[in-house]
Amino acid sequence: MYAQALDQKDKAPSRIEDPVKLAAFEAHCAADDKIEPKDWMPEAYRRTLVRQVSQHAHSEVIGMQPEGNWVTRAPSLKRKAILISKIQDEAGHGLYLYSAAETLGVSREELNDQLLAGKAKYSSIFNYPTLTWADIGTIGWLVDGAAIMNQIPLCRTSFGPYSRAMIRICKEESFHQRQGYEAVMVLARGTPEQKAMAQDALNRWWWPCLMMFGPPDAVSEHSETSMRWRIKRFSNDALRQKFIDATVPQAHFLGLTIPDPDLRFNEASGHWEIGAIDWDEFKRVLAGEGPCNRQRMKVRRAAHENGAWVREAALAHAEKRARRKQAAALQAAE
Ligand code: BYC
């Protein structure tokens with residue numbers, strides 16, 4: 001039941017769309033026009049976006065946990081302040097994204113219920129543990145680095161509310177990546193023990209970060225349609241390669257070694273080539289068998305239950321304000 005369920009796909013039969021409307025919609029997408037919530041859209045476009053945007057929102061929310069573990073253990077006041085503000089940003093990103101999803105006619109409660117019931121996916125990367133302080137720097141450098149690589153193109157995604165949310169998110173992600181790289185640089189240039197800690201974190205996070213981009217193009221079931229509809233602007237493999245090409249020189253600059261004996265630079269193509277990714281590990285994590293899947297869901301459910309009083313209080317306050325407003329309007333009308 002803790003599995004990031006594989007049954008999240010909407011099994012409802014596809015609606016038969018009006019061919020004239022569909023052709024106009026496809027032409028809009030091909031022309032790079034934005035699709036707005038009140039525009040006509042095929043049901044499959046709406047479903048794909050609800051799936052992707054909500055998985056993205058859940059990732060931001062669950063993504064706070066591996067870092068939250070280190071707020072009380074950050075090595076200085078400065079690092080603590082940075083970490084807290086980064087985590088707050090991630091909560092904000094979750095809110096922007098849930099709001100973007102809501103414009104597609106699905107409620108935040110519904111999406112949250114799917115997450116709590118283990119029916120919704122969130123990024124595989126957040127099922128790995130943060131064992132040392134170096135992991136926090138490495139998350140900023142690599143996880144946020146991978147996130148930006150994937151998310152910059154989403155600023156131009158075809159659905160208006162999603163693309164506008166991504167513009168703001170990417171500005172913040174850029175700061176997250178830089179602070180992470182700087183934190184790892186301090187360790188890599190520190191004592192031999194600190195450098196070893198940075199190397200150990202890189203060893204553990206490198207391969208899972210490459211998996212963040214999703215399955216290889218040949219088996220990515222949604223890519224073809226999502227690229228035609230300009231939801232995705234680049235394929236999973238293309239973005240993964242961009243990330244590798246940007247990150248390998250950064251690791252070398254730090255004096256760290258990428259944990260891949262097959263890594264080599266191809267002079268002819270101008271790209272770094274990597275060894276085989278363990279896609280069985282990726283499938284295990286998606287099936288709920290990663291190192292921290294159960295813990296992440298347990299903590300999320302507890303946080304939701306512990307926050308019940310806040311939701312009730314906010315609702316009671318909103319009702320009180322609405323009653324006051326109504327009473328004032330009645331009085332003014334007398
Ligand atoms: N983890 O056909 P595919 C962040 C699923 S960063 C889990 O290629 P698609 C953050 C996929 O959902 C992370 N599941 O799918 C950073 C699909 O399953 P369903 C979040 C994955 O959608 C720092 C199936 O595999 N970023 O937020 O065309 C701190 C087949 O894949 C993963 C985003 O969500 C994975 N890594 O492409 C805090 C970016 N990869 O739905 C937070 C937006 C694939 O059929 N999302 N799957 O059951 C995207 O760009 C795309 O959805 C993906 C996948 C590239 C991730």
Side-chain angles (χ1 to χ4, degrees), residues 3-11 47-68 83 86-94 96-97 100-101 114 119-128 130 136 138-155 157 159 162-163 165-166 169-170 172-177 179-180 205 207-229 231-240 243 277 279 281-288 290 293 296:
Q4 285 188 49
L6 298 169
D7 65 347
Q8 196 203 7
K9 291 180 194 65
D10 196 332
K11 303 240 169 39
R47 280 207 310 253
T48 299
L49 272 163
V50 169
R51 179 184 63 77
Q52 177 167 326
V53 178
S54 64
Q55 286 176 2
H56 194 164
H58 299 327
S59 302
E60 297 284 354
V61 170
I62 299 283
M64 293 192 283
Q65 287 188 37
E67 296 175 315
L83 185 57
K86 180 179 190 292
I87 296 169
Q88 280 180 341
D89 285 351
E90 278 146 13
H93 298 175
Y96 309 154
L97 289 163
Q114 288 173 4
K119 287 185 182 161
K121 286 196 175 80
Y122 57 86
S123 181
S124 51
I125 194 70
F126 300 117
N127 292 306
Y128 291 85
T130 39
I136 297 303
T138 306
I139 287 183
W141 171 31
L142 297 182
V143 175
D144 290 273
I148 296 175
M149 203 53 94
N150 166 278
Q151 291 173 16
I152 291 279
L154 290 174
C155 297
T157 194
F159 187 57
Y162 191 25
S163 75
M166 290 316 304
I169 290 175
C170 282
E172 292 172 353
E173 294 288 11
S174 161
F175 155 74
H176 294 176
Q177 194 275 349
Q179 67 79 36
W205 288 91
W207 292 104
C209 281
L210 299 186
M211 296 173 197
M212 281 176 72
F213 295 91
D217 293 352
V219 293
S220 161
E221 54 185 303
H222 303 295
S223 277
E224 196 189 328
T225 320
S226 286
M227 288 191 62
R228 193 177 79 245
W229 283 337
I231 294 172
K232 284 167 89 165
R233 313 289 313 208
F234 292 95
S235 77
N236 298 356
D237 286 335
L239 289 172
R240 189 168 12 251
F243 174 74
I277 296 176
W279 290 112
E281 174 179 325
F282 177 71
K283 283 180 202 154
R284 277 197 303 277
V285 174
L286 258 60
N293 295 57
R296 299 289 182 246

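Bear in mind the structure is a predicted one, so any value in this text is a computation, not a measurement. Numbering of ligands and ligand atoms starts at 1, following listing order.
Ligand 1 does not have His93 within reach: every non-hydrogen atom of the residue lies 4.0 Å or more from it.
Neither the backbone nor the side chain of Val285 has any atom closer than 4.0 Å to an atom of ligand 1 (non-hydrogen atoms only). When non-hydrogen atoms are compared, ligand 1 lies under 4.0 Å from the backbone of His222 as well as from its side chain. Of the heavy atoms in His56, both backbone and side-chain atoms come closer than 4.0 Å to ligand 1. Here Leu239 has no heavy atoms under 4.0 Å from ligand 1, in either its backbone or its side chain.
Ligand 1 has no N or O atom lying under 3.5 Å from any N or O atom of Ser59, backbone or side chain. Geometrically, ligand 1 and Glu173 share no nitrogen or oxygen pair separated by less than 3.5 Å. Between Ser226 and ligand 1, a contact under 3.5 Å exists for no N or O pair. Checked against a 3.5 angstrom limit, the closest N/O atoms of Asn236 and ligand 1 fall inside it. Between Asn150 and ligand 1, a contact under 3.5 Å exists for at least one N or O pair.
The shortest heavy-atom contact between Phe243 and Ala146 is CE1-N, 3.4 Å.
Salt bridge annotation for Arg228-Glu224: absent, with no cationic side-chain nitrogen under 4.0 angstrom from a carboxylate oxygen. Between Asp237 and Arg240 there is a salt bridge, since a side-chain N of the basic residue sits under 4.0 Å from a carboxylate O of the acidic one.
When each atom of ligand 1 is checked for a heavy atom of Phe213 under 4.0 Å away, the hits are 55 (C). Close contacts of ligand 1 with Ala147, meaning ligand atoms under 4.0 Å from a residue heavy atom, involve 6 (S), 16 (C). If you number the atoms of ligand 1 from 1 as listed, the ones under 4.0 Å from a heavy atom of Glu90 come out as 29 (C), 38 (C). Near Gly214, with a cut-off below 4.0 Å to any heavy atom, the atoms of ligand 1 are 40 (N), 44 (C). Taking a cut-off of under 4.0 Å to the non-hydrogen atoms of Met212, the atoms of ligand 1 that pass are 6 (S), 36 (N). Taking every non-hydrogen atom of Tyr122 and a distance limit under 4.0 Å, the qualifying atoms of ligand 1 come out as 1 (N), 7 (C). The Tyr162 neighbourhood of ligand 1 comprises atoms 43 (C), with distances under 4.0 Å to a heavy atom of that residue. Taking every non-hydrogen atom of Met211 and a distance limit under 4.0 Å, the qualifying atoms of ligand 1 come out as 36 (N).
Residues Leu154 and Ile169 are not in side-chain contact: their nearest non-hydrogen atoms beyond the backbone lie 4.5 Å or more apart.
Relative orientation of the His56 and Tyr162 rings is perpendicular, given thresholds of 30° and 60° on the angle between their planes.
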